[in-house]
Protein chains: 2
Amino acid sequence: MIMGMDNRPPPQSSAVPTLGAAAAHQPPPGHHLAPGRRGRARSEAEILVVAEEVFATYGLHGATMAKIAERVGIPKANIHYYFSTKEALYLRILKDILEEWLSAATFDLRDSPRAALEAYIRAKLHYSRVRPQASKVWANEILNGAPLIREHLEERLLAWVDTKAAIIQGWIDRGELAPVDPRHLLFSIWATTQHYSDFATQITILLRKEALEAADFEQAAQVLTQMVLGGLVKSPKTLS
Amino acid sequence: MIMGMDNRPPPQSSAVPTLGAAAAHQPPPGHHLAPGRRGRARSEAEILVVAEEVFATYGLHGATMAKIAERVGIPKANIHYYFSTKEALYLRILKDILEEWLSAATFDLRDSPRAALEAYIRAKLHYSRVRPQASKVWANEILNGAPLIREHLEERLLAWVDTKAAIIQGWIDRGELAPVDPRHLLFSIWATTQHYSDFATQITILLRKEALEAADFEQAAQVLTQMVLGGLVKSPKTLS
DNA sequence: GTCTATAAGCGGATAGAC
DNA sequence: GTCTATCCGCTTATAGAC
């Protein structure tokens with residue numbers, strides 16, 4: 001169970017409206033949940049947390065409403081009361097994930113690329129660590145050709161990437177970053193950081209571990225920052 | 001019920017060196033396929049090619065034998081003649097993919113890390129370009145916790161990584177490579193290169209393209225080699 | 001809001017003719 | 001080797017009592 005975790009990455013303390021599935025739909029102020037009862041907000045949040053895990057493990061088609069219901073501890077008909085269809089539940093998870101990720105990139109043109117990119121890499125790695133299931137659901141959807149999230153991707157993510165790519169291009173124009181395609185740089189950061197959630201099973205086996213620990217993520221951060229900063233960012237000393 | 005089920009054909013069982021799905025099972029010399037008929041080798045190869053596409057698009061559970069059969073143009077019962085179960089067909093694809101990838105890393109300790117790593121990055125990118133569906137099937141399986149390929153992973157891939165990591169460590173010991181964890185370096189190369197097949201849908205949308213072209217892969221190669229070589233490999237030249 | 005029961009359809013696998 | 005027909009379990013979604 002992941003309830004009550006802190007999803008915020010270390011560098012920033014961004015007050016983001018959309019939190020993870022676990023924190024979805026804050027109950028209104030003054031609202032209390034009786035110990036034995038669930039209530040709308042709590043049931044919905046519990047379903048989302050469990051569904052995230054089940055979708056990640058079995059995929060959209062392999063996941064069943066019965067399995068989700070069983071793990072939540074309710075009859076499967078109840079899920080249909082909160083989410084009209086299986087796909088609606090699935091889509092809700094995808095959109096939540098995306099908002100969380102977008103909030104991880106706080107950098108703008110005033111920042112130095114060195115500090116900004118390292119913070120972004122570490123923030124994304126942090127999400128891979130604390131919310132790996134969400135990342136897997138996303139990956140599964142994209143892998144299959146984004147049949148359900150495509151439209152949202154073309155609107156929300158595309159616009160976001162345009163603004164961030166412009167910032168990166170600004171750094172290049174200022175001579176603080178090697179002339180690389182900004183979008184491909186973003187892709188590389190996503191690919192490497194999300195790899196530590198999406199391919200965690202493979203990594204765990206190849207590192208002969210039971211599960212990935214903080215130290216493994218720190219090693220990942222070392223390699224990734226060394227690659228990105230060492231390979232692309234011009235050191236402050238050489239600036240003139 | 002899961003492992004050990006390969007092909008059940010009555011007469012000849014095949015312990016053939018695994019090739020790509022497209023090239024699976026070359027007919028023996030002198031063997032001719034009548035234009036209208038298929039023959040064992042051709043049917044099996046056709047099934048594998050189509051199944052790769054269907055598994056990549058729908059996932060293990062979303063893919064159906066009926067859908068594969070329909071695209072091949074045969075009744076679904078015929079597939080069961082060549083592959084005892086759906087899982088056997090799926091596993092065959094996974095093992096084929098892995099062997100192809102492993103063959104892409106030709107480097108050894110005598111090579112320079114610069115030439116070896118660039119060649120490896122470009123070879124992996126090449127596979128992402130020419131065989132993206134295979135990569136997606138693999139990613140899907142790992143994402144879901146490697147329920148079927150786990151054992152194979154623990155044997156075949158783990159041993160392979162050990163030998164390759166030793167070579168990379170050798171470069172570090174010789175002072176030709178920055179002191180990074182060799183396994184995490186491999187993970188980064190896999191993550192970034194496979195991203196261009198696994199997340200091709202997302203990349204295509206964000207680049208406002210219809211499909212990824214050779215030029216996109218070349219740009220990817222530029223960014224990746226600049227990151228890996230510029231950030232980790234010690235050499236006379238660094239930033240250009 | 002929560003539950004039981006069930007409708008309606010799909011999917012993997014097999015039998016057995018040719 | 002290829003095909004048609006079919007069994008049987010599982011899945012989503014709904015109906016309707018409480």
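To find a chain, count down the sequence lines: A is the first, B the second, and so on, and within it residues start at 1. For the numbers below, each heavy atom of this structure counts, side chains included, while hydrogens, waters and symmetry mates do not.
Atom P of nucleotide dC10(D) and atom OH of Y58(A) are separated by 14 Å, given to the nearest angstrom. When rounded to the nearest whole Å, the span between CD of E46(A) and C1' of dG1(C) equals 14 Å. Here dT14(C) presents its P atom at 14 Å from CG of N78(B), a figure rounded to the nearest Å. Atom NZ in K76(A) sits about 8 Å away from atom P in dT11(D), given to the nearest Å. Atom pair F83(B):CZ and dA13(C):P shows a separation of 13 Å (rounding to whole Å applied). The interatomic distance linking R42(B) (CZ) with dG1(D) (C1') rounds to 14 Å, in whole Å. Atom OH in Y90(A) sits roughly 17 Å away from atom C1' in dT12(D) (whole-Å rounding). Rounded to a whole Å, the NE2 atom of H80(B) is 16 Å from the C1' atom of dG1(D).
Taking 3.5 Å as the limit, the base of dG11(C) and the side chain of K86(B) contain no donor-acceptor pair of atoms between them.
When each of Q133(B), R92(B), R131(B) is tested with E52(B) by the rule side-chain hydrogen bond (donor to acceptor under 3.5 Å, both in side chains), just one qualifies, namely R131(B).
Contact between the side-chain N/O atoms of Y82(A) and the OP1/OP2 oxygens of dG1(C) is not found at any separation under 4.0 Å.
Residue A77(B) has its side chain nearest to dT4(D) when only dT4(D), dC3(C), dT2(D) are considered. When distances run from any side-chain atom of P75(B) to the nucleotides dT2(D), dA13(D), dC3(D), the shortest one goes to dC3(D). For I74(B), the side-chain atoms get nearest to dC3(D) when compared with the rest of dC3(D), dT2(C), dA13(C). Residue Y81(A) has its side chain nearest to dG1(C) when only dG1(C), dA15(D), dT2(D) are considered.
Residues from residues 61-71 of chain A placing a heavy atom under 4.0 Å of any atom in DNA chain D, listed by number, are A63(A), T64(A), M65(A).
Ion pairing between a basic and an acidic side chain is recognised when a charged N comes within 4.0 Å of a carboxylate O; R208(A) and D162(B) show such pairing.
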V50(A) vs E46(A), side chain to side chain contact (heavy atoms under 4.5 Å, CB included): CA-CA, chis, key distance, verdict: CA-CA 6 Å; V50(A) 171; E46(A) 282 183 16; 5.6 Å; no

Applying side chain to side chain contact (heavy atoms under 4.5 Å, CB included), run through T193(B) and Y127(B) and close with a yes or a no. CA-CA 9 Å; T193(B) 55; Y127(B) 281 121; over 6 Å; no

What's the verdict on salt bridge (charged side-chain N to carboxylate O under 4.0 Å, His left out) for K95(B) and E99(B), showing C-alpha distance, side-chain angles and the deciding distance? CA-CA 6 Å; K95(B) 291 183 182 178; E99(B) 289 310 312; over 6 Å; no

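Checked against a 6.0 Å centroid threshold, the rings of W101(A) and W190(A) do not count as neighbours.
Atom CD of E218(A) is surrounded by more than 12 heavy atoms from other residues, nucleotides or ligands within 6.0 Å.
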